[in-house]
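Report on the structure given below.
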Amino acid sequence: MGAISVDYEGFPVLDADEVASLIPDGAMVAFSGFTPAGAAKAVPQALARRARQDHAAGLPYALRVLTGASTGRSLDEALAQAEAIRWRAPYQSSRTLRDQINRGDVDFVDMHLSDVPQFTLFGFFGKIDFAVIEASEITADGRVYLTNSIGASPAFLHSAEHVVIELNRGQSRRIAEMSDIVVPKTPPYRPAIDLDHPLQRIGKPYARVDPDKVIGIVETNEPDEATDFTQANDVNKAIARHVAEFFAAEIACGRIPREFLPIQSGVGNVANAVLEAIGEHPDLPDFTMYTEVLQSSAFELMLQGRLKGASTCALVLSPQQMQQLDEQHDFFSSRLVLRPQDISNNPAAVRQLGIISMNTALEVDIFAHVNSTHVCGKRIMNGIGGSGDFTRNAYTSIFMCPSVAKGGSISAIVPMCTHIDHSEHSVQVIVTEQGLADLRGLAPKQRALKIIERCAHPDYRDYLHRYLCDSGASHIQHDLTRCFKLHQNFLRFGSMLHDEVPDTEIDK
Ligand code: 0RQ
């Protein structure tokens with residue numbers, strides 16, 4: 001270890017490269033971060049430098065990397081570019097890492113995000129050698145005040161053998177006042193989560209660490225590496241309109257209570273567009289959110305008073321919005337609660353609070369199975385994330401996507417999904433820019449007809465109707481010789497509607 005220059009609250013202040021020199025090849029390292037919000041930044045970059053040096057010297061260097069969810073470019077992208085990741089869980093969105101996973105160079109465990117803290121606490125991942133956690137403050141007695149996400153950091157701090165704190169001076173110290181941290185007890189006799197309202201507080205504003213485990217503090221001063229928000233396009237706006245109209249109709253006929261229900265909304269531009277449409281709809285009341293990621297559109301709705309309050313695991317906002325959050329702290333601190341992912345995504349809380357879940361699909365089949373993760377059943381995109389945590393237990397579960405991808409060469413509505421993340425038993429409503437299919441109470445054939453008519457792109461409706469019609473009578477009408485023909489066409493010819501491929505030439 002290099003020379004220790006100063007102490008902070010009795011902990012040695014280290015250089016990120018000194019920390020990297022202490023973490024051996026093959027170590028399991030748990031980093032803070034749930035999306036780029038609150039992700040560790042300096043130590044992963046130093047680990048990437050070390051990996052490059054070791055590789056140049058002919059030495060192996062790759063880590064087992066655990067986080068709350070996806071991260072910023074200084075973590076997944078930097079480590080992947082340095083070929084420093086051997087194993088990864090539970091979610092990622094880095095282009096380089098995705099390619100390495102799809103080549104088989106990195107082992108990736110795609111899992112429900114609510115499970116990560118308890119997998120950690122139960123020992124299901126094995127030993128956590130190091131935790132590297134971004135914080136705005138640590139005290140000598142082991143209180144750790146986290147930054148823009150809570151994620152799985154409380155569990156990582158609890159379980160890791162050694163802990164490094166990235167003390168980020170650039171992050172607001174007051175975010176911690178919005179944090180509500182509990183580490184649920186392990187079974188048996190685990191008490192129920194006592195949440196009746198999305199904004200109810202049940203924990204403490206800090207996480208706990210055994211001070212003896214803290215090997216050092218690394219001082220940083222960098223903002224989160226959130227990607228820019230792009231304006232909603234016409235397709236996303238059409239999807240959003242259908243969703244907002246659906247909610248208005250549900251409230252009008254009494255299936256959703258007049259005061260509305262808390263909303264969970266996934267990440268990305270579709271989710272932003274939907275929140276905007278809800279905010280603009282004259283017949284929809286002010287509402288609350290119980291979600292895992294709070295994005296920019298929700299922040300604006302909160303300023304306008306349309307969003308009354310939100311529980312989230314991460315704040316993914318622009319630098320200007322982060323500054324505004326700091327300047328108007330009193331306004332936001334009474335309206336925002338940041339929770340660990342085992343609480344923000346807790347299936348029992350989702351059922352208890354009556355959450356309406358809204359997530360994005362890659363493809364949906366005519367019987368309402370949803371693939372959120374694997375293109376053509378093979379290549380991972382990001383991961384299931386929190387979508388399963390919410391969908392299975394939602395009051396109403398909604399999946400949205402454009403009806404076609406890649407300029408129309410791919411239909412999002414297919415005869416059979418090539419990978420299933422959410423089954424017909426959990427998926428209630430499908431929405432594309434073409435329309436909305438409410439599938440509640442419908443048998444498989446009725447679901448198929450509704451999805452084809454309401455959601456499929458007109459170019460694909462005829463094919464899908466023929467598929468259904470030619471598949472013969474059964475409870476779920478499938479022709480196992482043809483159910484993946486559209487995918488086979490795409491893999492072979494680059495377009496799903498290309499003439500059908502002979503069975504002998506299918507992609508293996
Ligand atoms: O590819 O970028 O190369 O053009 O997939 O698609 O339409 O831009 O949508 O960015 O919202 O991502 C499901 C991946 C959608 C995401 C998924 C191609 C398409 C494009 C992205 P290009 P869009 P989005 C909250 C909840 C799972 C996790 C989750 C996701 C790219 O929403 O990862 O819900 N969800 N978490 O062209 C081949 C298809 C395709 C396709 C789209 N059928 N086949 N490619 N694409 N459909 C977050 C957390 O849990 C933290």
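Quick note: residue numbers are just sequence positions, from 1. Numbering of ligands and ligand atoms starts at 1, following listing order. Small disclaimer: the values here were computed from a predicted structure and weren't measured.
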* Asked: Is it the side chain (CB and beyond), the backbone, both or neither of Thr360 that lies under 4.0 Å from ligand 1, heavy atoms counted?
  -> both

* Please state whether Ala412 comes within less than 4.0 angstrom of ligand 1, counting heavy atoms only. => no

* Protein contact for atom 2 (O) of ligand 1 (heavy atom, distance under 4.0 Å) -> no

* To do: Would you mind checking if Glu166 and Lys41 are paired as a salt bridge, meaning a charged N to carboxylate O distance below 4.0 Å?
  => no

* Is a salt bridge present between Asp105 and Arg86, judged by a nitrogen-to-oxygen distance below 4.0 Å? -> no

* To do: Could you walk me through whether Tyr467 and Gln477 pass the side chain to side chain contact (heavy atoms under 4.5 Å, CB included) test, one step at a time?
  => CA-CA 9 Å; Tyr467 175 83; Gln477 291 167 254; over 6 Å; no

* Structure fact -> Heavy-atom nearest pair, Asp389 first then Leu113, reads OD2-N, 3.4 Å

* **Within-shell test, Leu362 vs ligand 1, heavy atom, strictly < 4.0 Å** => yes

* To do: Would you check if Gln264 and Asn359 make a side-chain contact, meaning some heavy-atom pair closer than 4.5 Å?
  => yes

* For ligand 1, does Ile384 get within less than 4.0 Å through its side chain, its backbone, both, or neither, judged by non-hydrogen atoms? -> backbone

* Atoms of ligand 1 less than 4.0 Å from Val267 heavy atoms? -> 25 (C), 48 (C)

* Structure fact -> A student checking ligand 1 against Gly385 at a 4.0 Å heavy-atom cut-off should list atoms 50 (O)

* Structure fact -> SG of Cys417 to CG of Leu362, rounded to nearest 0.5 Å, is 9.0 Å

* **Sub-4.0 Å heavy-atom contact, Gly383 with ligand 1** => yes

* To do: May I ask whether atom 24 (P) of ligand 1 is less than 4.0 Å from at least one protein heavy atom?
  => no

* Should Phe390 and Tyr290 be marked as a ring-ring contact (aromatic ring centres under 6.0 Å, His included) after you check the CA-CA gap, both sets of side-chain angles, and the distance that decides it? -> CA-CA 10 Å; Phe390 288 94; Tyr290 191 83; 7.0 Å; no

* Asked: Counting from 1, what ligand 1 atoms have a heavy atom of Glu292 closer than 4.0 Å?
  -> 25 (C), 26 (C), 48 (C), 49 (C), 50 (O)

* Please check atom 32 (O) of ligand 1 for a protein heavy-atom neighbour under 4.0 Å. => yes

* Asked: Is there a protein heavy atom less than 4.0 Å away from atom 6 (O) of ligand 1?
  -> no

* Asked: Will you find, in the side chains of Asn382 and Ser93, an N or O donor that is under 3.5 Å from an N or O acceptor?
  -> no

* Would you confirm whether the ring centroid of Phe156 sits within less than 6.0 angstrom of the ring centroid of Phe31? => no

* To do: State whether any protein heavy atom lies less than 4.0 Å from atom 17 (C) of ligand 1.
  => no

* Protein contact of atom 34 (O) of ligand 1 - nearest heavy atom, named by residue and atom, plus distance -> Ser387 CB, 3.4 Å

* Asked: Does atom CZ of Arg454 have more than 12 heavy-atom neighbours from other groups under 6.0 Å away?
  -> no

Acceptor/donor pairs from residues 394-401 side chains to any protein atom, 3.5 angstrom cut, sequence neighbours excluded:
| residue | atom | partner | partner atom | Å |
| --- | --- | --- | --- | --- |
| Tyr395 | OH | Arg255 | O | 2.5 |
| Ser397 | OG | Ser426 | O | 2.5 |
| Ser397 | OG | Gln428 | N | 3.1 |

* What do you reckon, are the aromatic ring centroids of Phe490 and His498 less than 6.0 Å apart? -> no

* Polar contact flag, side-chain donor to acceptor under 3.5 angstrom, Gln231-Asn269 -> no

* Asked: Any ion pair linking Lys308 and Asp286 (charged N to carboxylate O, less than 4.0 Å)?
  -> no

* Looking at atom 10 (O) of ligand 1, would you say a protein heavy atom lies below 4.0 Å from it? -> no

* Asked: Considering all protein heavy atoms, does one lie under 4.0 Å from atom 39 (C) of ligand 1?
  -> yes

* To do: State the atoms of ligand 1, each with its element, that fall below the 4.0 Å cut-off from a heavy-atom position in Tyr91.
  => 28 (C), 33 (O)

* Asked: Backbone, side chain, both or neither: what part of Asn382 comes under 4.0 angstrom of ligand 1, heavy atoms only?
  -> side chain

* **Nearest-option assignment for atom 20 (C) of ligand 1, heavy atoms, candidates Lys406, Met496, His422** => Lys406

* Structure fact -> atom 50 (O) of ligand 1 has as its nearest protein heavy atom Gly386 N, 2.9 Å

* Judged by non-hydrogen atoms, does Phe490 sit under 4.0 Å from ligand 1? -> no

* To do: Could you find the nearest protein heavy atom to atom 21 (C) of ligand 1 and give me its residue, atom name and distance?
  => Met381 CE, 4.6 Å

* Structure fact -> Quick note on ligand 1: atoms under 4.0 Å from a heavy atom of Gly266 include exactly 25 (C)

* To do: For Glu292 and Gln341, test the side chains for any donor-to-acceptor distance below 3.5 angstrom and give the result as yes or no.
  => no

* atom 44 (N) of ligand 1: which protein heavy atom is closest, and how many Å away? -> Ile410 CD1, 3.5 Å

* For ligand 1, which atoms, with element, lie under 4.0 Å from some heavy atom of Asn359? -> 26 (C), 34 (O)

